[in-house]
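Just so it is clear, the model here is predicted, and its values are computed rather than measured. These numbers come from the heavy atoms of this one structure, side chains and all, not from hydrogens, waters or symmetry mates.
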Amino acid sequence: MQRRFPNKILPYILVLPSIVVVIIFLIIPTIQSLYMSFFRVSPFGDRLFFVKLYNFTKLFKSADYIHSLLITLIFAAAVVVLGLTIGLLISVVLNQRLKGLNYYRTLFIWTYAISPAVAGTIWALMFDPSSGPIVYIINSLFGVKLNWMMNGNLALVIVIIAASWKMLGYNIIFFLAGLQTIPEELLEAASIDGASSARKFFKITLPLLSPTTFFLLIMNMLYAFFQVFGLIDIMTKGGPGNATEVLVYKLYRDGFINLDTGFASAQSVVLFVFVAILTALQFKYAERRVFYG
Amino acid sequence: MKKVLVFLFIILLVTVALSKVTITMWHAMSGSRLPAVEAIVNGFNATHPDIEVVAQFTGSYAETLTKAIAAYRAGDQPHIVQVYEVGLQTMLDSGAIVPVYELAGPDFDWGDVIGPILEYYSVNGKLYSMPFNSSTAILYYNKDIFEAAGLDPNKPPTTFNELYEYGKKIVESGAAPGGISFGWPAWVFEQMHAYHAQFYANNENGRAAKATEVYFNKDFGVDVMAEWMKWAQDKVLVYGGREYSANQAFLSGQVAMLIQSTSSVGSIESKANFNVGTTFLPRIEGYPRGNSVIGGATLWVMKGHSKEEYEAIWEFLQYVMKTEVTMQWHKSTGYFPATNSAVKALLDEGWFAQHPNHLTAFLQILSGTRVPEAQGVRLGNFVAIRDVVDSAIEEALQYNGTNYWKEAKKILDNAAEKANTILWEYTMIYGK
């Protein structure tokens, strides 16, 4: 049994700063956007009209919003799956004893350190339909012109690749750390018993990695839902048409460009509830397969 | 004794520094336009020791407007903010601005401002914001590519049909992979309406009363869109993004023609390694003649500052309108010189003779008719509506079938419905 903290006030003082931060930056804005979602607001905020559930009904009647929801689900699923599988693959390779390993690790990890804006710019330049080197190479090799400004599906694919690439470094760091906690003895014992590498990987490494994988699953999902805004803003601005307008970008557009604060607040409430449900489901079902040693 | 003198001197410096009125200006001029803005501000500060104007680049037009609104709501607004033409109705209704005519003394000569610009930003004959960077769309073309395709480089296309024909010839001859690209596509679409004397929205484009319905899904708009879709499918039209990214395609020879703001004249001429030609926008035959419409941005003065600061702001705005300053601004960017006296001075100097491309936009707006259809559209939350139209254009240009007109009609009807909802919501806030 743990003993009680000797000082009764000290623990409260110690957690106070984080509670204050959470209240100011999380709780208050959340309540505020819930409140605002029932209003129609003039751009300069000088006129406020109570509109009941208008913003929400408008949301679910809007074909654009449903489309955006669909795109977001595809986007998030693709980013999570791509990011996790490729991240795991690379980390397994990086976990071998290779010459100059530290350099490779750094090379793979640095993508996480650059900002979304820079990442977006790099990809936008590489895939620029008129002057991008990748477009040029693909055109001279296969004779295919990749103009994603004129092709919504292609734009979505490119944004997915860029977003997964951006998150790859993060995934590799955690997978590597996870891989290094797997006891050598287990793998050695399996080798002595004559297990193939593939068998070792699927029967020992993967189950032992499951806590890391689960953590990354949640982090990648949150990333795909909330943090890709910068990337999309720089690369496609949600276009062409609204082929790459994921929920968080649509929210930004309606709130900050179209200056429809109430509508954007309603969107943020829906997005919040939606992601909360998804996360809860993952904890409920995916966590059953997680093995915490 | 010496110490006392030094001390007094410091006090003097500090008081001089403190007595300076500081004016902040938020603007959206990036790239080669940024140094041009800085030149104006530095010139003003150097000649006005008691005023310090601090110009700050705050992102794109949309971002600058958003930031200004957020700052206003937080009570920390700049003195002057540059707002693009689609923000007009929003600014007029905001209750957050001081109209420039109220700042001006009785002796200020408004008549000197170029007519179409004055009309665009006036309500009941009074100017609400200070003209600064006004522009219109023109057609740029690459004379070298024209020559390579066997076309006469001195005979640019004047109609939609010619443009399509030339574009096809260019693409087929391999002189360039694409025919034409647009900057600001939704704006070009608006331009086409004004240029053919067609209303874009009801209530005289929202100038007689607040607009409640858009007209861009009527026959004319559908004609234009269907035509563009045909061009896109034959690779004559290459979509080039929503703002200035098409310039890159034009400069790198990927397309032979470009419809873009005249404000790009300066940067295109200086960067192009080919002969640049400019000409009027192409017309669709059979429609009446209107005029191309003013775009770009103006300087808005925000509420909530002291009287002393407003005097300083007016001092600065007058400086911006000075003949030499306007001339310099025009020369380094391509934006219209905002006053008649500046135009006259430029003519006298022979500037236009040496730089004919700088004259094109000017001749275009002066040669059109001054009909209400071409005075400029004023819509509530125009920013959102332009966004809707941009999306519609992007959707239309991806079309693969052959029934252009029907598809264009469908896409534009859908867009018009969204735009009308935006207008309805706007009148819900501000009344009709």
### Task
Counting only heavy atoms closer than 4.5 Å, note whether A/Val51 contacts chain B via side chain, backbone, both or neither.
side chain
### Query
Tell me, side chain or backbone of A/Asp128 under 4.5 Å from chain B's heavy atoms, or both, or neither?
neither
### Proximal component of B/Tyr239, with respect to chain A [non-hydrogen, under 4.5 Å]
both
### Summary
Honestly, the part of B/Arg242 sitting under 4.5 Å from a heavy atom of chain A is side chain
### Task
Check each atom of B/Ser181 against the heavy atoms of chain A and say whether the ones under 4.5 Å are side chain, backbone, both or neither.
neither
### Query
To the nearest 0.5 Å, how far apart are CD1 in B/Ile422 and CG in A/Asp260?
8.5 Å
### Message
As a quick check of understanding, evaluate side chain to side chain contact (heavy atoms under 4.5 Å, CB included) for A/Asp64 and B/Lys418, giving each step before the final call.
### Response
CA-CA 10 Å; A/Asp64 283 350; B/Lys418 288 183 205 169; 2.8 Å; yes
### Summary
Answer key: most heavy-atom pairs under 4.5 Å with chain A among B/Tyr72, B/Tyr426, B/Tyr430 is B/Tyr430
### Query
Side chains of A/Phe44 and B/Lys303: does their closest heavy-atom pair fall under 4.5 Å?
no
### Query
Do B/Leu237 and A/Met150 come within less than 4.5 Å of each other through their side chains, counting heavy atoms only?
no
### Query
If you count the non-hydrogen atoms of other residues, nucleotides and ligands that lie under 6.0 Å from NZ in A/Lys58, is the total more than 12?
yes
### Query
Crowded around B/Lys410 NZ? As in, over 12 foreign heavy atoms under 6.0 Å?
no
### Message
Please determine whether the number of non-hydrogen atoms from other residues, nucleotides or ligands lying under 6.0 Å from atom OH of A/Tyr136 exceeds 12.
### Response
no
### Worked check of salt bridge (charged side-chain N to carboxylate O under 4.0 Å, His left out) between B/Glu243 and A/Lys237
CA-CA 11 Å; B/Glu243 295 181 8; A/Lys237 298 209 184 299; 5.6 Å; no
### Query
Under a 4.5 Å heavy-atom cutoff, which of A/Ala63, A/Pro240, A/Ser62, A/Gly255 has the most pairs with chain B?
A/Pro240
### Query
How long is the gap from CG on A/Asn258 to CG on B/Asn381, to the nearest 0.5 Å?
6.0 Å
## Note on the structure
On a heavy-atom basis, the closest approach of A/Asp46 and B/Ser94 is OD2-O, 3.2 Å
### Task
Pick one of side chain, backbone, both or neither for A/Phe49, based on which atoms fall under 4.5 Å of a heavy atom in chain B.
side chain
### Query
Just wondering, are more than 12 heavy atoms of other shown residues or ligands nearer than 6.0 Å to CZ in A/Phe226?
yes
### Proximity breakdown for B/Phe382 and chain A, heavy-atom pairs closer than 4.5 Å
neither
### Query
Would you call A/Tyr54 and B/Glu425 a side-chain contact if the rule is heavy atoms closer than 4.5 Å?
yes
## Note on the structure
In terms of heavy-atom contacts, A/Arg253 and B/Ser391 come closest through NH2-OG, 4.0 Å
### Task
Step through the shown structure and confirm whether more than 12 heavy atoms of other residues, nucleotides or ligands are within 6.0 Å of CZ on A/Phe50.
yes
### Query
Which atom pair, heavy atoms only, marks the closest approach of B/Ile69 to A/Pro43?
CG2-O, 3.0 Å
### Task
For the residue pair B/Asp387 and A/Ile257, establish whether any side-chain heavy-atom pair is separated by less than 4.5 Å.
no
### Query
By a 4.5 Å heavy-atom criterion (distance strictly below it), what part of B/Gln254 contacts chain A: side chain, backbone, both, or neither?
side chain
### Message
Heavy-atom count check: over 12 atoms from other residues, nucleotides or ligands less than 6.0 Å from A/Phe256 CZ?
### Response
no
### Message
Does B/Lys271 have more than 12 heavy atoms from other residues, nucleotides or ligands lying within 6.0 Å of its NZ?
### Response
no
